[in-house]
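Have a look at the structure below before the remarks.
Proteins come first, then strands; the chains are lettered A, B, ... in the order of their sequence lines, and each starts at number 1. Model, not experiment: these values are computed from the prediction.
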Amino acid sequence: MAMDSERFRRVQEIFHAALDAPKRDRERFVFEACRDDWSLFQEVMSLIEHHATDAWTPGEHPDLAGRPARLTVAPESARTLSNGSERYELIDVLGEGGMGIVYLAEQTHPIRRRVALKVIKLGVDSKRATARFESERQALALMDHPNIARVFEAGATQDGRLYFAMEHVSGKPISDFCDAAKLPVRERVRLFAVVCDAVQHAHQKGIIHRDLKPSNILVATRGTEPTPKIIDFGVARAMNQRLTEHTMFTQMGVVVGSFRYMSPEQADCRLLEIDTRTDIYALGAVLYELLTGETPIEAPTIEQTGYAEVQRRIRDEEPLKMSERARRLKGQDAVSIAALRGTDPASLPKQLKGDLDWIALKALEKERTRRYATASEMADDLRRHLANEPVLAGPPTRAYRVHKFVRRNRVPVIAGTAVGLAIVLGLVVSTTLFVQNRAQRRVAEAQRDQILRLSDANVLTKLEDEVDALRPPHPERMAAMQAWLEEADELASRLPAHRATLDALRARVDSTGVKAPGARAAFANQEDQFHYDHLSTLVADLERFVDLDPHVGSVARVRERLEFAASVEGETMTSKRREWNDAIRSIANVGECPRYGGLVVAPQMGLMPIGRDPASGLWEFLHVRTGKMPERGRDGRLILAEDTGIVLVLLPGSCYWMGMSKDPLPDPAMPSGNPLARFDEVPVHRVCLDPFFVSKYEVTQAQYLRMTGQNPSRIRPGIDYGMYITSLRHPVENLNWEMADAFARDVGLLLPTEAQWEYAARAGSTARFPCGWDPECLAHTENISDRSARVPGRPGGWNYAAWYDGFVDSSPVGFFLPNAFGLHDVLGNVTEWTRDWYGSYQLPVSPGDGSRLGGPQAERVVRGGAFFFWPDRVNIGLRFNLAPHMNDRIGMRPVRPLDPVERVEAASTR
Amino acid sequence: MTHTPDPSCADASAVARILPTVYEALRELAHRRLLSERKGHTLQTTELVHEAYLRLQTAGTAPWNSDAHFYCAAAEAMRRILIERARRRKRLRHGGGLVRLNIDEHDIALDAASDDILAISDALDELEQHDRRVADVVRLRFFVGFTVEETAEKLGVSPATVKLDWSFARAWLQRAIAEGRKTRGDG
């Protein structure tokens, strides 16, 4: 940002002068002072903007805002850590890892105790992490188990680093401990079963560890008995590392260490699929390592193979049986690994063969549903093995191997899921058979209920999150939608069971006589309360999930999309093939459609040709998703009804002059000589666009209501103005950018880029209006503020246009005459959101759709004019900047890119 | 005690000459404070600077020609100390978990994040090229912690001028911080 001193003086002067002006006039003032110098304007405005803000968090940091600056020399921050209510003194460094440093510390306030303090490196969003931690706190507080280290608190240091205070455990990682004590296989199994019990306890409280590994399972000898303790419960969840490929790389330290214990669902970043069974997988990996000295999946390194390869291995590579792995050990390794287990290389494989092999492999199943359902089932199996009883786990059945083959070869999802379901049912039956004692069975069932409920809450969140990705309802997404619905139906099928459990819990309140005055039941027992609260939330969420109204229930919404996607394929690509062939021939024919210059197009999924507009000569199409085919009147114009869908006009690709200029230019082919042009409308510049579809009309209230179930418009239908009654054919307005963008994406369209918008609106005109220079031409082409809009309650004055068009507010779309592309209401009726961020015309645009690149990305651009614009304000170059969450009387006119021929052909041969 | 009043930091050579002495004094003071002070005591930068002033003064080794020289040098010294620390922290952070954090070295707590301090320092350099006085105001206000009145007195200008300069400098620095954060992708 080089600047000469004279310029710097000007910046200073204008800055000080502007601050003297009232706040709302400042921008205007700076604009005037900077005249046409956009960069000077921006320089000063950026300073003024930061004049007001305080980039530092108030209180903690040197205060540039008012009080004298203050940098403190704070010795206590060196060795202590405090967040106001809690205070810790650091005593020693216990360890360091990719994520941060673990200190031994003494908490001095509010109570005095030794804790392990894990301070996470900068870069984690500590505010969100602490909030997440807070939300789990209730559950963590319920966790009280001798083999689980307590997590007391999460907080943020003054420089924004996140820390966790945990019970300090002195002990060795379980693998080191076992090796140091030379524990034989049976002792290792016995010790490990205790770990499973602890994990089960946490799972019953709704806590998933997510990062189980030997270094998180510490063992100390208390008396003669080795006692394992699991640390870091709740930490991974609070961190909620979104392990995208990016963070995988930036946090290499974390991940490389944990890959070996990471389940396929974690490796594939399907984080919402993570449930208690993710921990089961990790337990399997730890068991495997304890018994064989090696992890099931060889530790791959990203540096060597790349992340995709690592993912592939975790997903596809079947681990060797432990006995096989032990047998393959060679030489010194074989001797030492066996020796550490108090045996010799020949007998180790024999000890692992059979039960233990199957137990480990069952826990390590790639598919969650095939693993042990609970950690206690795994512990039970381990203990059955120790007692020489038959275990639950067994060699894979033939059906299972067939199923795996099917999955690997990606045959239709439905078949795969049906098999999967059968297997789950089989599993439930077989586990039930193995639980012999009646009382035992009841306890086991209660536990299974709880875990099912927890995992169902996870599945529900995951499914709800996926709904947005299942749009637009394109045939390409049918398989994904079907898979989603399968899963959703399975989840919904468990709703009655959850309801029954909830009723049973409720009955318990009634019988104990504790009755809450409000709706919420109150329990004497804290645990019951916890379960009740969670379960009632789950039931309510599930009920909404399966609501039959597609605007409420996600299942109905996706089902409706699926039905549409199935129909759209047939209608637009098959049964309308003849209409499409006509359109394609006509568009490519230069004699018939000179404007397209011989453009070759392919049938577009979801669009149906309407015909060539007699006036513009351009082809128009119905967007099937949003409604029905319009009829054509005798005058050649389309007749719009409330049930009509969005009509898209195919515009040829072309280059044009974008922007406005105050200076009269000699070239009549360029926009010029507009004294009203604002600083942001200059300079005039050349933009080239690919062909695209643009909506002929502004989106109507009927269309918006049909697709979203809502009508946010302020001009309600049914207002009787004498000359007309408002209807749903008026444009939808009062949209903020987010709503407009969401609507467009929902139906498979986009908001136009600014360049596309102006190109479409100009339709070749370089004048101030599409209809020419004379404001009189607006009388029949645009609904602006004319004398019919001058009604009691509105300002008086001469500004109203001299004519009467009859409309007080907005008019039904398409009422006024179209521009040369056949588009209606581009400068009148309502203003329209565009996709672009607001920025200078000096910024470059991307080729193809002309979207503006760079800039401050704070506000979006609104273009066009509206029914409340006086004629002196209407101007085709006019740009408005508005924050994306702001509502105003703004509507929208969506676009859609033209699918190129190669793509369409590739899709149809697939 | 003031011989040749030169109310600005403009006398660069005079400031540069005494800078090492002041720098050493400040560093040593800060460090000693940490060892001897009871825990929980926080020390204002301003106090530290004043203490250094008195110390050098009473030791009879006051090498400066005017108070302004001393405070300009103190500001520069504080800035260097802060930047040193900020850089070290950055190195630590980028070095991952490999470098053991020596907690005893954390004698001065930066209230602001390290990257912000570096951004401020760079923005100050740029500001200095255009307008020395505005830069001086930043030095004394931000790095020493003087009030508007104290700053005005030391620089020999009116408080109103300091206020104007500070208002501009503040916007300039805030923008630099915000831009720095944006390019780093945080906040």
Side-chain angles (χ1 to χ4, degrees), chain A residues 1-5 7-9 11-12 15-16 19 46-57 60-80 82 87 89-90 93 95-101 103 119 121-123 125 158-160 252-253 856, chain B residues 30 33-35 37 39-48 78 82 89 93 96-98 100-101 103-114 116 126 129-131 134 141-148 150-151 164 166-179 181 186-187:
Chain A
M1 207 195 317
M3 202 192 308
D4 60 45
S5 286
R7 194 177 175 80
F8 183 85
R9 290 265 163 259
V11 170
Q12 256 184 323
F15 174 85
H16 286 306
L19 287 187
S46 72
L47 285 171
I48 287 181
E49 188 188 317
H50 287 100
H51 164 77
T53 64
D54 185 359
W56 280 301
T57 319
E60 302 270 73
H61 299 316
D63 185 1
L64 285 176
R67 283 171 292 140
R70 191 185 55 199
L71 282 174
T72 56
V73 177
E76 87 274 22
S77 74
R79 287 176 293 263
T80 73
S82 135
R87 182 180 287 274
E89 281 176 21
L90 308 183
V93 176
E96 302 180 24
M99 277 195 195
I101 301 178
Y103 295 100
V119 181
K121 282 202 298 195
L122 280 168
D125 181 349
Q158 292 194 346
D159 61 0
M252 201 98 78
Chain B
R33 274 295 188 107
L34 293 168
L35 297 179
E37 289 296 326
K39 283 176 188 165
H41 180 82
T42 61
L43 179 61
Q44 292 274 350
T45 329
T46 326
E47 280 178 60
L48 196 63
M78 282 310 295
L82 292 175
R89 278 185 169 201
R93 204 189 322 156
L98 297 174
R100 172 175 278 241
L101 207 65
I103 51 180
D104 287 334
E105 274 198 16
H106 273 212
D107 44 3
I108 293 190
L110 299 187
D111 277 351
S114 313
D116 290 346
E126 203 198 331
Q129 286 168 21
H130 296 302
D131 192 328
V134 176
R141 293 276 281 124
F142 184 75
F143 288 106
V144 178
F146 278 160
T147 61
V148 170
E150 285 170 319
T151 309
L164 272 185
W166 180 237
S167 143
F168 182 79
R170 205 168 64 200
W172 186 272
L173 299 181
Q174 300 274 34
R175 185 179 63 178
I177 291 166
E179 276 168 5
R181 286 182 186 177
D186 47 332

What is the minimum heavy-atom distance between A/H16 and B/L164, and which atoms define it?
-> CE1-O, 3.1 Å
Return the minimal non-hydrogen interatomic distance between A/L47 and B/A171, and the atom names on each side.
-> O-CB, 3.2 Å
Side chain proximity check, A/V11 to B/H130, heavy atoms < 4.5 angstrom | no
